[in-house]
Amino acid sequence: MDSERIQNLVRELIIEIGEDPTREGLRDTPERIAKMYREIFSGYDAPSELEVQFCEDSDVVVARDIQFYSMCEHHMMPFYGKISIAYSPNGRVFGISKLVRVVEKYAKRLQIQERLTKNVADELYSRGVRGVAVFADAEHLCMKMRGVRNHAKVTSAAYRGIFESREEKDTILSMIRRRASDPI
Ligand code: ZN
């Protein structure tokens, strides 16, 4: 990411909005945004290989409510919420921090919620587990601040491996949804 170039583009944008980029409050804004973009779009630089931790086997592991923040690729506005992951380990158990890192790898880029859900499921499934189910609940500022002003939360799910069968989907969904009333 070229910080200088981003700063120039943001300055142009400020002018087009009808503002004065030289006034005090806006003077450092292009620099702040360039710095912030490095952080919120750091998913592109994340390592492709996920380390796997070997622990005791278990039938199903569920990691609930991993908080994420992402940027909608249609409007470049934030969408954010929680992702829950269930997987059947096949002798390999991922450390919780690894799951968080996979979520961040795909959240910290221009995204849509449905693809984020699939990206996380595909990355974990490619590590040789028997099955993965990923659920995301998110609020989208592009929907809340503009357009239809629809405040509804969006839910998406992706199933891989043994969780793709109808019966398994229902079981895993009820496990994850046990605390669905929790606020985002
Ligand atoms: Zn959007």
Side-chain angles (χ1 to χ4, degrees), residues 1-21 25-26 28-48 50 63-86 98-126 132-160 163-164 169 172-173 176-177 179-184:
M1 238 183 260
D2 184 337
S3 170
E4 203 65 29
R5 194 161 145 73
I6 290 174
Q7 290 184 46
N8 289 335
L9 291 167
V10 172
R11 228 168 269 125
E12 291 294 317
L13 191 59
I14 289 171
I15 293 167
E16 284 306 315
I17 288 168
E19 268 285 4
D20 172 11
L26 288 173
D28 297 329
T29 299
E31 198 185 329
R32 285 191 204 101
I33 290 181
K35 215 169 153 192
M36 179 182 72
Y37 275 11
R38 202 174 284 274
E39 187 184 334
I40 69 176
F41 294 126
S42 61
Y44 295 107
D45 301 323
S48 56
L50 175 80
R64 275 198 201 86
D65 298 343
I66 298 170
Q67 180 82 49
F68 75 90
Y69 294 88
S70 189
M71 290 285 272
C72 142
E73 69 183 18
H74 299 143
H75 303 93
M76 292 183 73
M77 292 276 281
F79 70 96
Y80 54 91
K82 284 170 179 171
I83 282 184
S84 294
I85 298 167
K98 298 292 186 299
L99 297 178
V100 172
R101 232 170 282 161
V102 172
V103 169
E104 298 225 313
K105 172 180 172 180
Y106 293 106
K108 291 189 167 188
R109 53 179 78 191
L110 292 177
Q111 263 293 12
I112 57 171
Q113 185 180 333
E114 293 75 9
R115 192 171 64 232
L116 171 62
T117 314
K118 286 179 190 163
N119 285 159
V120 172
D122 286 335
E123 169 108 19
L124 296 175
Y125 191 54
S126 74
V132 184
V134 179
F135 304 89
D137 284 306
E139 297 193 35
H140 295 246
L141 285 190
C142 61
M143 281 199 267
K144 296 182 83 159
M145 284 179 69
R146 54 164 286 285
V148 288
R149 306 218 173 162
N150 177 358
H151 285 214
K153 285 175 189 168
V154 177
T155 300
S156 54
Y159 303 88
R160 299 290 181 270
F163 294 145
E164 284 175 75
K169 271 183 193 169
I172 216 73
L173 192 60
I176 291 217
R177 291 288 166 211
R179 296 191 303 131
S181 56
D182 286 356
I184 278 181

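In what follows, residues are counted from 1 in the order of the sequence shown. Counting starts at 1 for both ligands and their atoms, following the listed order.
- Each of K118, Q113, R115 was scored for a side chain to side chain donor-acceptor pair (under 3.5 Å) with S156, with one residue passing: Q113.
- Looking at heavy atoms from C-beta onward, T29 lies out of side-chain contact with P21 at the 4.5 angstrom threshold.
- Note on the Zn ion (ligand 1): protein N, O or S atoms under 2.8 Å away count 3, no waters included.
- The aromatic rings of Y37 and F41 stand perpendicular to each other, their planes meeting at an angle above 60°, with 30° marking the opposite boundary.
- Taking the side chain to side chain donor-acceptor pair (under 3.5 Å) definition, one finds that H75 meets it with R146, sequence neighbours left out.
- More than 12 heavy atoms of other residues, nucleotides or ligands sit less than 6.0 Å from atom NZ of K169.
- Each of E114, R109, Q111 was scored for a side chain to side chain donor-acceptor pair (under 3.5 Å) with N119, with one residue passing: Q111.
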